[in-house]
Amino acid sequence: MQRTVYNDDHEAFRETARKFIESEVVPVYDDWYEAGIVPREFYYKLAELGAFGIEVPEQYGGAGIESFKFQAVLMEETARAGVSFGGSGVHVGLCLPYLKKLATEEQKQRWFPGFVSGEIMFAIAMTEPGTGSDLAGMRTTAKLSEDGTHYVLNGSKTFITGGVHADRVIVCARTAPARDDDRRFGISLLVVDTKSPGYTVGRKLDKLGLKTSDTAELSFTDVRVPVADLLGEEHRGFSYLGQNLPQERLSIAVGAYAQAAAAVQFAKEYTQQRNVFGKPVATFQNTKFELAACQAEVDAAEAVVDRALEALDADTLTAADAASAKLFCTEVAARVIDRCLQLHGGYGFINEYPIARLYADNRVNRIYGGTNEVMKMIIAKDMGL
């Protein structure tokens, strides 16, 4: 079926992105993979491509386009090529919505030009060693100074994507104790300068997949954060986090769908080239049936993603809608990628082949952005259960 979610502008951007990936990423991706990180300089090239400024208002140097679809195109194209842009997806996909919605005019003038140019890379720090899905249980604190000019930040965060290269990190911290009747009260968002004394980047975590993504541990020891860098209103951070979760979860669904589609293509190409018993693996009935079944699942995931993308742009995507899309697409991707790896035989287990890397990268989709078990809880609640 022909997709209708994208227009000519999206397809023109797709062509540009595809050429960019082929020339700037594919030739050096193995080096990035071995190093376990994308070079910081690469983000300036992404900025020149226009990837960071699409949704930033024009008065701050962006294109002012209110649509997530261009980011979806990038996700599809990186998956298609079997590569990654590292932690830069967090910069645009997770951090930008908070900045657009919550930043003051003065903050936007300070941060957005650098955001667009790649001079100021953003990350967001929510998860702590003892708090994942239960963000209300966070222990990182930010106490207002006696003169009211700054906060003093103490605590630690983990699993922070983009944490190594980040210049500014949106840190979720307790600025007041939780109330007896409201555990979510008292959390605020602070945009922390990573050059601040007491701010420390710990280990770059050695992950099962997403090897080129700089995921780090962060710690804060008496870090002074100016009051001018408070994002939104004090103590309301938890509600802000909830407002952006639908887009975050949709982005995971889009990525999972794109990975599944890429896996089918990788398996198709491999089985057409690989000969067994004197003929291509693709000619065996089992191969045809497996690939046909995988393609049918990818088609279904595509329909879910496209409908959700339209809903997000129309501002009608609900939390339950996004949870459903994430749950379905990530489960589909897990099944499809596993079956496509099987069709590669022993070579599917070798990291030299993109299907192996894809298999490892895909696994986290069912964990981050809220585990799939949490997605089921959200959907069930929406059903009145």
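Since we're looking at a predicted model, the values are computed, not measured.
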With no hydrogens and no angle check, is any side-chain donor or acceptor of Ser324 less than 3.5 Å from a backbone partner on Asp321? no

Hey, is the main chain of Arg339 close enough, under 3.5 Å, to the side chain of Gln342 for a donor-acceptor pair? no

Would you say the side-chain atoms of Asp361 pair up with the backbone N or O of Leu210, donor to acceptor, closer than 3.5 Å? yes

Would you list the pairs meeting side-chain hydrogen bond (donor to acceptor under 3.5 Å, both in side chains) in which at least one residue belongs to residues 41-53, sequence neighbours left out? Glu24-Lys45

Can you find a side-chain donor-acceptor pair between Glu269 and Gln265 that sits under 3.5 Å? yes

All pairs passing side-chain hydrogen bond (donor to acceptor under 3.5 Å, both in side chains) where residues 64-83 contributes a residue, at least two apart: Arg3-Glu76, Tyr6-Glu76, Arg14-Glu76, Arg14-Glu77, Arg18-Glu77, Glu66-Lys100, Ser67-Asp313, Lys69-Glu310

With sequence neighbours left out, what residues match Gln295 under side chain to side chain contact (heavy atoms under 4.5 Å, CB included)? Val264, Val298, Asp299

Is Leu96 reachable from Met121 through a run of hydrophobic residues whose side-chain heavy atoms are each under 4.5 Å from the next? yes

Under 3.5 Å, sequence neighbours excluded: what are the donor-acceptor pairs made by side chains of residues 248-255?
from, atom 1, to, atom 2, distance (Å)
Arg249, NE, Gly369, O, 2.7
Arg249, NH2, Gly369, O, 3.4
Ser251, OG, Glu248, O, 2.5

Backbone N or O of Cys340 within a donor-acceptor pair of the His344 side chain at under 3.5 Å? yes

So with a 6.0 Å cut-off around CG of Asp182, is the heavy-atom count from everything else above 12? yes

With Asn365, which of Lys326, Glu331, Gln259 fulfils side-chain hydrogen bond (donor to acceptor under 3.5 Å, both in side chains)? Gln259

Residues Tyr60, Trp111; criterion ring pair (Phe, Tyr, Trp, His ring centres under 6.0 Å); working and verdict: CA-CA 9 Å; Tyr60 309 111; Trp111 296 328; over 10 Å; no

All heavy atoms of Pro280 vs all of Asn275, minimum pair found to be N-OD1, 3.1 Å

To check you understand the geometry: which heavy-atom pair defines the closest contact between Pro97 and Gln247, and what is its length? CG-NE2, 3.4 Å

Would you mind listing the cluster partners of Val281? Hydrophobic ones only (ILVMFWY), side-chain contacts under 4.5 Å, chaining allowed. Val276, Phe277, Phe284

Going by salt bridge (charged side-chain N to carboxylate O under 4.0 Å, His left out), name the residues that satisfy it together with Glu55, two or more places apart in sequence or in a different chain. none

Test Phe42 against Phe85 for ring pair (Phe, Tyr, Trp, His ring centres under 6.0 Å), laying out the working first. CA-CA 9 Å; Phe42 173 69; Phe85 290 166; 5.4 Å; yes

Set of salt bridge (charged side-chain N to carboxylate O under 4.0 Å, His left out) partners for Glu106, sequence neighbours left out: Arg110

Using ring pair (Phe, Tyr, Trp, His ring centres under 6.0 Å) as the criterion, list what pairs up with Phe328, not counting sequence neighbours. none

When you measure from the side chain of Lys19 to the backbone N and O of Glu15, does any donor-acceptor pair fall under 3.5 Å? no

Tell me, please, whether Tyr33 has Arg357 positioned over its six-membered ring: NZ or CZ under 6.0 Å from the ring centre and within 45 degrees of its axis? yes

If we ignore hydrogens and angles and just use 3.5 Å, is the side chain of Thr371 paired with the main-chain N or O of Ile367 as donor and acceptor? no

Sequence neighbours excluded, every pair satisfying side-chain hydrogen bond (donor to acceptor under 3.5 Å, both in side chains) that has a member inside residues 154-163: Glu128-Lys157, Asn154-Asp222

Please confirm whether the backbone N or O of Ile37 pairs with a side-chain atom of Asp214, one donor and one acceptor, at under 3.5 Å? no

Looking at side-chain heavy atoms only, is the closest gap between Thr194 and Arg168 below 4.5 Å? no

Under the salt bridge (charged side-chain N to carboxylate O under 4.0 Å, His left out) rule, collect the residues that match up with Arg139, sequence neighbours excluded. none

Are Val38 and Val83 joined in one hydrophobic group, where the rule is that I, L, V, M, F, W and Y side chains link up if heavy atoms are under 4.5 Å apart? yes

Is the distance from the ring center of Phe122 to that of Phe115 below 6.0 Å? yes

Cluster question for you: counting only ILVMFWY and a side-chain heavy-atom cut-off of under 4.5 Å, with indirect links fine, are Ile187 and Leu102 together? yes

Tyr347: which other cluster members, linking ILVMFWY side chains closer than 4.5 Å, directly or transitively? Phe266, Tyr270, Ile337, Leu341, Ile350, Tyr353, Ile355, Leu358, Tyr359

Is a donor on one side and an acceptor on the other found under 3.5 Å between the side chain of Thr200 and the backbone of Gly202? no

Would you verify whether the NZ or CZ of Arg179 falls within 45 degrees of the ring axis of Phe185 while also being under 6.0 Å from that six-membered ring's centre? yes

Measure from the side-chain N and O atoms of Arg174 to the backbone N and O of Ala176, and report whether any donor-acceptor pair falls under 3.5 Å. yes

Pairs flagged by ring-ring contact (aromatic ring centres under 6.0 Å, His included) wherever residues 196-225 is involved - sequence neighbours left out: Tyr199-Phe220

Kindly work out whether a path of hydrophobic side-chain contacts (I/L/V/M/F/W/Y, heavy atoms less than 4.5 Å apart) joins Ile120 to Ile170. yes

Rounded to the nearest 0.5 angstrom, the CD-SG distance for Glu290 and Cys294 is 6.0 Å

Do any N or O atoms from the side chain of Asn7 and from the backbone of His10 form a donor-acceptor pair under 3.5 angstrom? yes

